[in-house]
Structures are given as C-alpha cells and as structure tokens.
Student: 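Got a structure for you, written out below as structure tokens; questions coming shortly.
Along the sequence shown, the residues carry numbers beginning at 1. We use all heavy atoms of the structure for the numbers below, so side chains are in, but hydrogens, waters and symmetry mates are not.
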Amino acid sequence: MRSARWHSEGGTAPPGKVVVADDRITADAAYRLACEGTALLWRGDFQNARQLLQAMARRVERKPRRAPAEPATAAEAFHRYRLAQSQRARTLGMLLLPFDDDYVVPLRRAPDVREACAAAYGPAAGPFVASLRELLGLIGAHEWRKKGVAVPALGARIHPHYGVFAPVRGEYVDLVAAAPLPAACTLAFDIGTGTGVLAALLAQRGVARVVATDQDPRALACAVENLARLDLADRVEVIAADLFPPGRAPLIVCNPPWLPARAASPLERAVYDPDSRMLMGFIGGLAAHLAPGGEAWLVLSDLAEHLGLRTRDELLAAFDAGGLRRVGRLDAKPSHPRSADRSDPLHAARAAELTSLWRLALR
C-alpha cells in the first residue's frame with residue numbers, strides 16, 4: 001500500500017478510496033466513480049486529464065430526467081443552489097494529480113506550475129496529492145495576480161493574490177469614490193481591506209493616513225504589495241487585526257461579505273459571512289472606534305434580503321442597537337453578467353439587487 005500527503009485549500013477531507021487512472025478511462029466511468037466517492041489518481045497525459053475534467057463537468061450539468069419541484073422560497077432556492085455547487089465541487093474534485101517535492105507535476109505535457117504553486121502555497125514541503133480542479137483555479141488566480149484587475153475609480157490595476165477576493169464588481173469601489181468625505185478627514189480605517197483597493201482609493205482621495213486591517217495573512221500580504229506598487233505605502237498602514245485597530249477615526253469604511261452563510265473555501269470568505277459575524281461586529285464596534293462627528297461607511301448589497309437570508313428590519317435594528325443614526329445612502333445597480341443571466345437559479349434576486357453605501361454616524 002502506498003500513501004501520499006493530501007492537500008486541499010478548501011479543507012476538503014481526503015477521499016476514502018483512490019484508484020489509479022490514465023488515458024484509457026472513459027468519461028462515463030470516471031464520472032461514475034467520482035459520484036460514488038472514489039477518487040482517481042491520474043497517471044496519464046496532463047492535457048487529457050483536463051479534457052476528462054471538462055467531460056465530467058458536462059455530465060454534472062446535465063439536467064436530471066425528473067425536474068425537482070420549484071423551490072417555495074428564495075431562501076430555499078439559495079440553499080439548493082449552494083448544495084448543488086457543493087456537490088459539483090466534490091465530484092469534480094475527485095480527479096487528483098501527484099506533485100513532486102518541488103511542485104513539479106510528473107505527467108506528460110504537464111505545464112510548469114512551480115511559480116503558481118509557490119505563490120499560493122509558499123515554499124514546497126515535499127510531495128503531495130491535490131485535485132486537478134484546485135490546480136486549475138490556482139493557475140488562473142496566478143495569471144490574475146500577474147495581469148491585475150483594472151479599477152477605473154483608482155486609475156490603476158489591483159493585483160489579487162490567491163484566495164483574496166478580486167475587485168471585479170466595480171460598483172462598490174465607485175460608491176466609495178463618490179461619497180463625500182467628512183470635513184477635515186485626516187485619518188481613516190479600512191476594515192477587512194482584502195486587496196487594499198479601498199484603502200488605496202481613500203489615500204488617493206486625500207486622506208492623509210489610512211489604517212487598513214485584515215486577519216487573513218494572504219490578504220495582508222496582498223494589500224502591502226498593492227499599496228507599494230501604487231506608491232502609497234507611506235500613507236497606508238496595513239496591520240493584522242480582527243476588525244478594528246486601536247483608537248478612533250473620523251472615517252471608518254467596511255465592505256464585509258454580503259451573504260450570511262458558511263464559506264466552503266478561503267476565497268468564499270469574502271462572499272459568505274456565517275451568522276453575519278463580521279457585519280454585526282463592525283456595526284456593534286463603531287461606537288468605540290468612530291470619532292465624534294465622524295462617519296462610518298458600510299458598503300453592503302441587499303442580495304441577502306432578496307434571498308430571504310436577512311431582512312432590512314434586522315439591519316436597521318442593528319444600527320439602532322449600535323447607537324448609530326443614518327446620515328445618507330448612495331445606491332448602485334450591479335452590472336456583472338449574472339444580474340442579466342435568466343438561466344441563473346438566483347436570477348430574480350440578482351436582478352433586484354442593489355449595492356448601497358450606508359453613511360452612519362453616532363447618535
């Protein structure tokens with residue numbers, strides 16, 4: 001019996017059963033084994049493995065012979081969607097690749113993935129096994145990191161690291177660019193900075209000093225690199241913190257994850273906020289960190305409301321409980337492709353979505 005170290009960025013448990021597979025296996029056989037919970041350790045041609053994964057994905061996406069009953073509520077539709085996505089990821093994650101101790105994939109026609117792996121995983125720590133699906137995501141993320149994402153409001157590109165949410169939905173950045181700065185705003189806190197895009201924007205808008213926080217090491221490294229690239233490192237301090245840094249500021253900005261649900265991977269932590277922990281922690285902590293006469297800017301989509309995961313009354317009640325009053329609100333409609341995709345199971349909620357910048361002050 002042979003064994004290998006298992007690696008999964010999403011924290012997926014190693015498969016209970018593994019068989020060796022190569023170019024001779026059919027897509028139907030591979031898909032059947034994956035659905036049964038048997039992983040396939042690939043020993044054939046790398047490019048053939050990619051084609052096999054695509055063929056398996058097509059089988060996942062085939063409509064069942066008997067269509068399930070229509071969901072009774074938007075929340076039920078959301079939970080069905082999440083379950084389907086989870087099942088899809090688990091099935092397609094059953095096609096595994098071997099990695100040598102220096103991140104070399106020892107297969108015919110395998111690309112050189114050493115740079116991409118080192119950027120995501122850090123220094124090599126010996127041979128391991130991981131899913132082809134994860135590797136392809138890692139390669140794609142590495143290309144994004146090298147190329148960057150254009151941010152028109154910033155007039156520059158932001159380079160997201162693996163596992164750090166990229167600012168591809170520009171409406172929330174545009175809202176921060178448009179909101180009127182509080183008078184004599186010389187200090188701002190950016191809570192949950194991620195790539196550092198909002199901290200950079202605040203500095204560009206003339207805030208003399210910005211303190212950007214995050215608790216994810218990848219996000220912290222990403223923000224530091226982006227701010228240095230934009231020549232803003234002397235005006236933006238990036239520190240590790242769970243929400244707030246010490247002290248008070250006349251402007252505190254936060255763009256928390258928008259949906260109260262469990263994250264299934266590191267990247268999903270930028271989208272899903274279990275039990276609205278970060279959202280409620282931010283609102284509840286403002287009284288202790290917002291300077292008198294200052295403003296807090298909460299950038300939040302109402303998608304959770306349209307999905308029945310949170311109500312507007314719950315959000316407003318949280319403002320009241322936090323000793324906050326509403327100064328104003330700026331709204332923007334999303335322009336991403338999903339908002340117009342009628343085949344999306346969550347189309348009705350996405351089409352109605354509104355992203356808002358809530359301007360809050362102490363009562």
Side-chain angles (χ1 to χ4, degrees), residues 7-12 46 50 53 89 92-93 97 99-100 102-105 110-125 128 130-174 176 190 192-204 210 212-233 235-240 255 257 263-272 336-338:
H7 185 95
S8 169
E9 282 295 303
T12 303
F46 180 88
R50 291 190 63 165
L53 186 66
L92 298 183
L97 298 181
F99 291 76
D100 286 344
D102 55 355
Y103 290 136
V104 169
V105 178
D112 185 346
V113 298
R114 290 175 294 179
E115 184 181 349
C117 287
Y121 298 152
F128 64 98
S131 78
L132 171 59
R133 186 171 183 265
E134 178 170 306
L135 175 63
L136 295 178
L138 184 152
I139 292 171
H142 189 59
E143 291 304 312
W144 273 49
R145 177 173 177 174
K146 290 192 296 184
K147 180 181 179 181
V149 177
V151 181
L154 197 60
R157 303 184 82 85
I158 287 291
H159 297 258
H161 288 198
Y162 179 74
V164 182
F165 193 72
V168 291
R169 288 190 54 168
E171 69 266 17
Y172 78 93
V173 182
D174 294 339
V176 173
D190 175 24
T193 193
T195 61
V197 61
L198 296 186
L201 182 58
L202 293 172
Q204 275 198 356
V210 181
T213 72
D214 213 297
Q215 56 181 350
D216 179 2
R218 282 175 171 158
L220 294 167
C222 181
V224 167
E225 183 181 288
N226 278 311
L227 292 162
R229 193 188 298 265
L230 295 168
D231 198 25
L232 294 170
R235 296 173 57 191
V236 182
E237 180 184 8
V238 180
I239 65 174
N255 174 37
S265 68
L267 189 59
E268 284 193 350
R269 288 198 287 267
V271 179
Y272 299 108
H336 60 90
R338 280 189 171 183

Student: Can you measure from CG (Leu97) to CZ (Arg133) and round to the nearest 0.5 angstrom?
Tutor: 13.5 Å
Student: Kindly write out the residues that satisfy side-chain contact (heavy atoms from CB on, under 4.5 Å) with Thr195, not counting sequence neighbours, or none if the list is empty.
Tutor: Ile158, Pro160, Val164, Pro167, Val197, Cys222, Asn226
Student: Excluding sequence neighbours, so at least two apart, what forms salt bridge (charged side-chain N to carboxylate O under 4.0 Å, His left out) with Glu237?
Tutor: Arg209
Student: Can you name the nearest heavy-atom pair linking Cys117 to Leu135, along with the distance?
Tutor: SG-CD1, 4.2 Å
Student: Step by step, work out the side-chain contact (heavy atoms from CB on, under 4.5 Å) result for Val173 and Leu154.
Tutor: CA-CA 8 Å; Val173 182; Leu154 197 60; 5.7 Å; no
Student: Using every non-hydrogen atom in the two residues, find where Ala240 and Leu220 come nearest and quote the distance to one decimal.
Tutor: CB-CD1, 3.6 Å
Student: Identify, with sequence neighbours excluded, every residue that meets salt bridge (charged side-chain N to carboxylate O under 4.0 Å, His left out) alongside Arg229.
Tutor: Glu225
Student: Measuring only between side-chain heavy atoms, which start at C-beta, is Asp190 closer than 4.5 Å to Thr213?
Tutor: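 No, side chains not in contact.
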Student: Between Ala203 and Leu232, what is the shortest heavy-atom contact and its length?
Tutor: CB-CD2, 4.1 Å
Student: Calculate, to the nearest 0.5 Å, the distance between atoms CD and CG belonging to Glu143 and Leu138 respectively.
Tutor: 10.5 Å
Student: Show the nearest heavy-atom pair for residues Tyr103 and Gly122, with the distance to one decimal.
Tutor: OH-O, 2.8 Å
Student: Please examine the side chains of Phe99 and Val104, heavy atoms only from C-beta on, and report whether any two atoms are closer than 4.5 Å.
Tutor: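 Of all side-chain heavy-atom pairs linking Phe99 with Val104, none is under 4.5 Å.
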Student: Taking the side chain as everything from C-beta on, heavy atoms only, tell me whether Ile139 gets closer than 4.5 Å to Val113.
Tutor: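 Ile139 reaches Val113 side chain to side chain.
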Student: Check this for me: Asp100, atom CG, are more than 12 non-hydrogen atoms of other residues, nucleotides or ligands nearer than 6.0 Å?
Tutor: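 Result for CG/Asp100: enclosed.
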Student: Please name all residues satisfying side-chain contact (heavy atoms from CB on, under 4.5 Å) with Pro257, sequence neighbours left out, ordered by chain then number.
Tutor: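 Asp273, Met278.
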Student: Can you tell whether the side chains of Arg218 and Glu9 come within less than 4.0 Å, N to carboxylate O?
Tutor: yes
Student: Between Leu136 and Leu53, is the side-chain contact (heavy atoms from CB on, under 4.5 Å) condition met? List the steps.
Tutor: CA-CA 11 Å; Leu136 295 178; Leu53 186 66; 3.8 Å; yes
Student: Is there a side-chain contact between His159 and Arg157 (heavy atoms, below 4.5 Å)?
Tutor: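 Touching, per the 4.5 Å side-chain cut-off.
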Student: CD/Gln204 to CG/Asp231 distance, rounded to the nearest 0.5 angstrom?
Tutor: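 Rounded to the nearest 0.5 Å, the CD-CG separation comes out at 10.5 Å.
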Student: Quick check: closest heavy atoms across Asp102 and Ala124, and the distance to 0.1 Å?
Tutor: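 Of all heavy-atom pairs spanning Asp102 and Ala124, the closest is CA-CB, 4.2 Å.
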Student: Nearest 0.5 Å please: distance from the CZ atom of Phe165 over to the CG atom of Asn255.
Tutor: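 Phe165 CZ to Asn255 CG: 8.5 Å, rounded to 0.5 Å.
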Student: Look up atom CZ in Phe128 and atom OG in Ser8, then write down how far apart they are to the nearest 0.5 Å.
Tutor: 11.5 Å
Student: With sequence neighbours excluded, tell me which residues meet salt bridge (charged side-chain N to carboxylate O under 4.0 Å, His left out) with Arg235.
Tutor: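 With sequence neighbours excluded, Arg235 shows a salt bridge (charged side-chain N to carboxylate O under 4.0 Å, His left out) to no residue whatsoever.
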Student: Of all residues at least two apart in sequence or in a different chain, which pass the salt bridge (charged side-chain N to carboxylate O under 4.0 Å, His left out) check with Arg114?
Tutor: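 With neighbours one apart ignored, the set is Asp112.
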Student: Nearest 0.5 Å, please: how far is CD in Gln215 from OG1 in Thr193?
Tutor: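 Here the interatomic distance stands at 13.0 Å.
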Student: Name the orientation class of the two ring planes belonging to Tyr121 and His7 (parallel below 30°, tilted from 30 to 60°, perpendicular beyond 60°).
Tutor: tilted
Student: Within the distance-only criterion (no hydrogens, no angle test), does the side chain of Asp214 pair as donor or acceptor with the backbone N or O of Gly194 below 3.5 angstrom?
Tutor: yes
